[in-house]
Every structure is written in structure tokens, then in C-alpha cells.
Amino acid sequence: MPFTVADFHDLVRLLAENPQWRAQLRQLVLTEELLELPALVHRIAEWQEAMAEEHRGLVAEVRALAAEVRTLAEDHRALVAEVRNLAAAQARTEQRLEELAQAQARTEQRLEELAQAQARTEQ
């Protein structure tokens, strides 16, 4: 029995009118792998959307961390400057303490000399 173009057009029309026939024809014509493709593509699309959402979350976290790192870097630079200022102030204080220690030593020497002069005067 020959299959004509008219038969083909009739088949197409009947398949369009009867979706359950299309499903049955698919089962007969397509392999299992091809029949599973729509579900597989759907799962892949869901997975991709989940990955995109996770990526957006990670991007937000990275941006927040970058802002924190910038703040910490600024704070670190300020602390380094303050430590340098404190070290310079400590060096000046130590210098001043050395000068005061020398002045005290001179004062004690002078007092000793005065005490000796007074002792000579009393004699």
C-alpha cells in the first residue's frame, strides 16, 4: 500500500488534532535518549538557574569583603602612621629623659660641691 503526499498531509492534520497520537508516535519513532532530552534540559536549566543565583550571592559577598578589606587597609595605614608618630614621640621622650638625667647628675654634682663648700665654711 503506497503512502502518498495526501496521506502524509492527512497524517499531519490528524496528529495536530490528536495530541495523544503525537505522543504515541514519538514513543515509536524516537529513542529513549531523545525522549528523555526535554526532562534533562529542564533539569539543566533549573541547575543553571540555581548556579546563577548562587553566583549572584557570591558576587555580593565578594563585594562586601572587598569593601571590608579596603576599610581594613585604610585603618591599617592610619595605625601605621600613628605607631610611627608614637615611636617618634617616644624617641623624643627618651632623649628628653636622657637630658634630664644628665641635668640631674650635674645638679647632684653641684649639690655635692656646695655641701663640701659648706663643710669647709663651717670648719
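The residues of the chain are indexed from 1 along the displayed sequence. The shown structure was predicted, so the numbers you read here are calculated from the model rather than taken from an experiment.
Residues L114 and Q118 have side chains not in contact (no heavy-atom distance under 4.5 Å, counting atoms from C-beta outward). For the pair E17/L14, a side-chain contact is recorded, criterion being any heavy-atom separation below 4.5 Å from C-beta on. Between E112 and E108 there is no side-chain heavy-atom pair separated by less than 4.5 Å.
Within the model, atoms CG of N18 and CZ of R13 stand 9.5 Å from one another, a figure rounded to the nearest 0.5 Å. Atom CD of E61 sits about 9.5 Å away from atom CD of E54, to the nearest 0.5 Å. Within the model, atoms CG of L37 and OG1 of T31 stand 7.5 Å from one another, a figure rounded to the nearest 0.5 Å. Taken from CG in L72 to CZ in R77, the straight-line distance is 10.5 Å, to the nearest 0.5 Å. Taking CG of L11 as the start and NE2 of H9 as the end, the distance is 11.0 Å to the nearest 0.5 Å. Atom CD1 of I44 sits about 11.5 Å away from atom NE2 of H42, to the nearest 0.5 Å.
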Query raised in the report: Given R84 and V80, is the side chain to side chain contact (heavy atoms under 4.5 Å, CB included) satisfied, shown in steps?
Result: CA-CA 6 Å; R84 286 182 180 144; V80 166; 3.5 Å; yes

Requested in this report: Check the pair H55, V59 against side chain to side chain contact (heavy atoms under 4.5 Å, CB included), reporting the backbone distance first and the verdict last.
Outcome: CA-CA 6 Å; H55 180 261; V59 166; 3.5 Å; yes

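V12 and W21 fall within a single hydrophobic cluster, where Ile, Leu, Val, Met, Phe, Trp and Tyr side chains are chained together by heavy-atom contacts under 4.5 Å. Residues L35 and L40 share a hydrophobic cluster, clusters being chains of Ile/Leu/Val/Met/Phe/Trp/Tyr side chains in contact below 4.5 Å. Connection of F8 to L15 is established within a shared hydrophobic cluster, with ILVMFWY side chains joined at heavy-atom distances below 4.5 Å, either directly or through further cluster members. Linking Ile, Leu, Val, Met, Phe, Trp and Tyr whenever their side-chain heavy atoms come within less than 4.5 Å leaves V69 and V62 in two separate clusters.
Shown here is R110, whose CZ atom has no more than 12 heavy atoms of other residues, nucleotides or ligands within 6.0 Å. Residue R56 qualifies as enclosed at atom CZ: its count of foreign heavy atoms under 6.0 Å is above 12.
Of the possible polar contacts, one joining the D7 side chain to the T4 backbone as a donor-acceptor pair under 3.5 Å is found.
Side-chain contact of Q20 with Q24: a donor-acceptor pair under 3.5 Å is absent, judged by distance alone.
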